[in-house]
Amino acid sequence: MVNNLSDLVNLTNLRFKIGELSKMAGVSTRQLRYWEQKKFISANEREADQDARVFSFRMYIKVLLIKHYLDEGYKLAAANEKSKDVIEDELWLHRFFEDSFKGIELIDGKRAVNLGFFDQENRQTLYGFNEGGKISYAVKPLPEKEEEQ
DNA sequence: CTTCTTACA
DNA sequence: TGTAAGAA
């Protein structure tokens with residue numbers, strides 16, 4: 001259970017050895033090694049001990065995706081391409097939100113989500129806020145900069 | 001017990 | 001891909 005930020009941070013740093021990953025994803029260790037050989041997945045590092053492969057959480061996701069498409073009937077190579085498409089799209093979505101979300105501000109005592117510039121020309125910013133359970137939008141001019149020019 | 005590589009079915 | 005073998 002994730003209760004605080006440090007837990008979330010640790011989540012992103014989770015590392016799995018091949019046996020764990022195999023059980024988690026329902027894929028044989030033989031498959032994982034083969035997929036790695038095919039460059040479909042990659043061990044992020046090798047544990048000093050027995051030169052054991054160490055996989056990241058991202059790789060776990062990748063394996064799940066390939067497994068998913070494999071179960072759907074795709075051949076391994078095709079399943080890999082499919083998973084790449086999904087990840088690519090997911091990255092785009094992530095970048096989109098990261099670029100769009102400018103934080104939350106308090107406006108007139110209400111929390112407003114800063115959605116970035118609405119009108120670059122007139123220096124207006126778009127906000128989204130709660131209006132009786134519905135999403136309402138409003139624009140607000142950017143504060144004048146005193147030192148400008 | 002786990003992982004690794006190599007080799008064979 | 002599964003499984004076996006020998007090593008670490």
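Lettering of chains follows the sequences in order, A, B, ..., and the numbering in each one begins at 1.
Look at CG on A/L32: it is 15 Å from P on B/dT2, rounded to the nearest Å. Distance CZ (A/R46) to C1' (B/dT5): 10 Å, rounded to an integer number of Å. Rounded to whole Å, atom P of C/dA8 lies 18 Å from atom CD of A/E47. B/dC4 atom C1' lies 19 Å from atom OH of A/Y34, rounded to whole Å. We find that CZ of A/F55 is positioned 12 Å from C1' of B/dC4, with the value rounded to whole Å. If you measure from atom CG of A/L21 to atom P of B/dT3, you get 10 Å, rounded to the nearest angstrom. Protein atom CD of A/E45 is 13 Å distant from nucleotide atom P of B/dC4, rounded to whole Å.
The residue A/L76 sits close only to the backbone: its heavy atoms come under 4.0 Å of sugar-phosphate atoms, none of a base. Note on A/T29: nothing from the nucleic acid sits closer than 4.0 angstrom, heavy atoms only. Counting non-hydrogen atoms under 4.0 angstrom, A/R33 reaches a base of the nucleic acid.
Although no hydrogens or angles enter the test, the distance criterion places no donor-acceptor pair under 3.5 Å between the side chain of A/N44 and the main chain of A/F55.
Under 4.0 angstrom from either OP1 or OP2 of B/dC4 there lies at least one side-chain N or O belonging to A/R53.
For A/E90 and A/H94, the side-chain atoms include no donor-acceptor pair closer than 3.5 Å. A/N80 and A/K62 are linked by a side-chain donor-acceptor pair at a separation below 3.5 angstrom, with hydrogens and angles left out of the test.
In terms of position along DNA chain B, the nucleotide closest to A/A52 lies nearer the 5' end than the nucleotide closest to the other residue of the pair A/A52 and A/R30.
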- Task: Might you work through the side chain to side chain contact (heavy atoms under 4.5 Å, CB included) test for A/I107 and A/F129, ending with a clear yes or no?
- Result: CA-CA 9 Å; A/I107 298 180; A/F129 58 90; over 6 Å; no
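The nucleotide whose nearest atom lies closest to any side-chain atom of A/S28 is, among B/dT5, C/dG2, B/dT2, C/dG2.
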